[in-house]
Participant: 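One structure coming up, written as structure tokens, with questions to follow.
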Amino acid sequence: MVITRFAPSPTGDPHIGNIRTALFGYLFAKKNKGRFLLRIEDTDQKRLNQASINIVKEALRWLEIIPENINKPMIQSQRLEIYHKAAFELVEKDMAYICTCSEERLKEVRACQKALGKPPGYDSHCRKKTFTLAATRLDELPEGTVIRMKLPENKTIEFNDLVRGKISVNTSTLDDSVILKSDGFPTYHLAAVVDDHEMKISHVIRAEEWLPSTPKHVFLHRAFGWEPPEFAHLPVILGPNKGKLSKRDGATGILEYKKMGYLPDALINFMILLGWNPKDDKELFVSPSQIAIGGTSLMMLEKLFKIEYVNKSPAVFDIGKLNHFNEFYLKCKTPKQLQELIKDFDIPDLSIPEGKLLERGGFKTLKEMAEYIKALRQTPKYPKELLVFKKSTPEATQKGLKAAAEKLEKISDPSWKQDNLQKALEETVKEQNLSNGDVFWPVRVALSGAEKSPSPVELLVTLKKEESINRIKKAL
Ligand code: GLU
């Protein structure tokens with residue numbers, strides 16, 4: 001049975017990179033009819049931010065990347081006793097040891113290593129000390145005591161990474177990391193290994209930054225006598241200039257994107273391409289007709305996803321792509337779906353016409369669309385010359401507007417619909433012996449006050465009867 005997990009450290013708002021890890025773990029589990037679980041890695045009490053746990057959950061719910069235990073995730077800070085026992089079990093097996101080095105000594109060691117140009121790491125000072133205290137608990141030992149893993153000397157640790165293939169590391173390049181801290185909390189290494197085993201995680205899917213820790217994890221699994229899970233490390237995400245991804249580029253909290261009016265479909269589509277592609281040129285995973293009947297990019301990816309298609313090379317964050325996807329998914333929404341979505345943006349009593357107001361607007365986000373509609377609601381200001389189409393005259397324009405207003409006034413509220421409105425304007429042109437530019441143009445400008453805007457009929461539907469007539473009269 002495939003079981004994957006998302007194991008965030010609640011230290012701040014999860015960003016796209018964090019949630020990408022969740023997405024890949026989720027998709028791999030779904031594709032293999034497996035399970036996807038959540039674990040909160042809150043063992044670093046100094047960096048802990050409680051609010052962040054709720055933000056993670058909210059983000060996962062919003063994007064529908066839902067771990068089956070989302071309401072009751074495994075929480076590491078509630079399991080200290082288990083890690084404590086596990087650490088002492090390893091001491092007993094001579095796979096870990098007690099270390100009493102002071103913070104000062106460690107600092108000196110680091111300074112020395114730096115001066116000699118050596119990589120920083122623990123110098124194994126306490127490794128050879130046989131601790132005479134028959135302690136089974138950390139609190140029975142001097143303050144500041146920690147437990148460290150005891151890596152074998154000069155041995156090769158091997159494991160298979162599903163993205164990178166076989167990886168071997170010699171232990172001479174690794175140092176004995178702390179597994180239990182003096183405050184009684186485990187380090188990430190110990191807690192992750194103990195929990196991955198307990199949760200029966202079959203595949204650890206996580207960001208590449210954890211690849212250097214993996215040999216230590218493999219060692220720990222084996223030290224306990226467990227078979228390590230499979231690993232897959234997702235490529236680094238770089239900023240648009242191929243440098244580190246910065247706040248400005250996209251390392252902002254994922255829910256910020258919600259506030260900016262991005263759709264889950266667009267974000268899922270964007271995140272999956274950060275390190276994966278379906279090996280054809282396809283970039284969009286759901287069609288407009290599928291969306292109209294409730295299909296999502298996530299549903300499609302649940303079928304398409306293949307771990308073999310994860311890339312080794314870094315992914316590049318390109319906000320332009322996200323905007324492009326969002327524009328596409330916005331266009332695919334039916335007026336009814338849009339009406340629901342735009343509610344979050346505080347626009348009362350909105351009617352979106354069946355004709356696609358959006359297509360012309362080319363809105364990138366729901367927020368842009370909402371702001372446009374809000375602006376539309378304010379009486380427009382424009383120079384009166386704008387009312388006259390370049391092939392028209394002030395007289396013809398006035399005639400067109402007047403006739404249009406009279407015709408529109410006769411349409412009742414329930415009949416105020418796209419088809420009827422279109423017909424009314426066309427009839428005005430005919431009956432008055434005018435051209436389209438004498439009617440459609442000035443009506444559109446009267447309603448929008450802008451040189452470019454959606455069509456007059458779309459505006460009439462959006463603004464409704466009373467407001468539309470008022471604006472046309474004002475123009476007259
Ligand atoms: N807590 C780690 C993080 O937030 C998870 C590492 C892992 O998945 O093993 O990145």
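Order of listing sets the numbers, starting from 1, for every ligand and every atom in it.
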Participant: Please list, chain by chain and in numerical order, all residues satisfying ring-ring contact (aromatic ring centres under 6.0 Å, His included) with W226, sequence neighbours excluded.
Facilitator: H197, F224

Participant: May I ask you to check whether T11 and S9 show a side-chain donor-acceptor distance below 3.5 Å?
Facilitator: no

Participant: Determine whether more than 12 heavy atoms belonging to other residues, nucleotides or ligands lie under 6.0 Å from atom CG of D281.
Facilitator: no

Participant: Can you list everything that forms a ring-ring contact (aromatic ring centres under 6.0 Å, His included) with Y329? Sequence neighbours excluded, please.
Facilitator: none

Participant: Can K312 and D161 be counted as an ion pair, charged N to O under 4.0 angstrom?
Facilitator: no

Participant: Give every pair made of an N or O atom of ligand 1 and a protein N or O atom lying under 3.5 Å apart, one pair per line with both atom names and the distance to 0.1 Å, or write 'none'.
Facilitator:
from: ligand 1; atom 1: 1 (N); to: A7; atom 2: O; distance (Å): 2.8
from: ligand 1; atom 1: 1 (N); to: S9; atom 2: OG; distance (Å): 2.8
from: ligand 1; atom 1: 1 (N); to: E41; atom 2: OE1; distance (Å): 2.6
from: ligand 1; atom 1: 4 (O); to: S9; atom 2: N; distance (Å): 3.2
from: ligand 1; atom 1: 4 (O); to: S9; atom 2: OG; distance (Å): 3.3
from: ligand 1; atom 1: 8 (O); to: R5; atom 2: NH1; distance (Å): 2.7
from: ligand 1; atom 1: 9 (O); to: R5; atom 2: NH2; distance (Å): 2.9
from: ligand 1; atom 1: 9 (O); to: Y188; atom 2: OH; distance (Å): 2.6
from: ligand 1; atom 1: 9 (O); to: R206; atom 2: NH1; distance (Å): 2.9
from: ligand 1; atom 1: 10 (O); to: W210; atom 2: NE1; distance (Å): 3.2

Participant: Quick one: side chain to side chain donor-acceptor pair (under 3.5 Å) pairs with a partner in residues 302-311, sequence neighbours left out?
Facilitator: Y26-E302

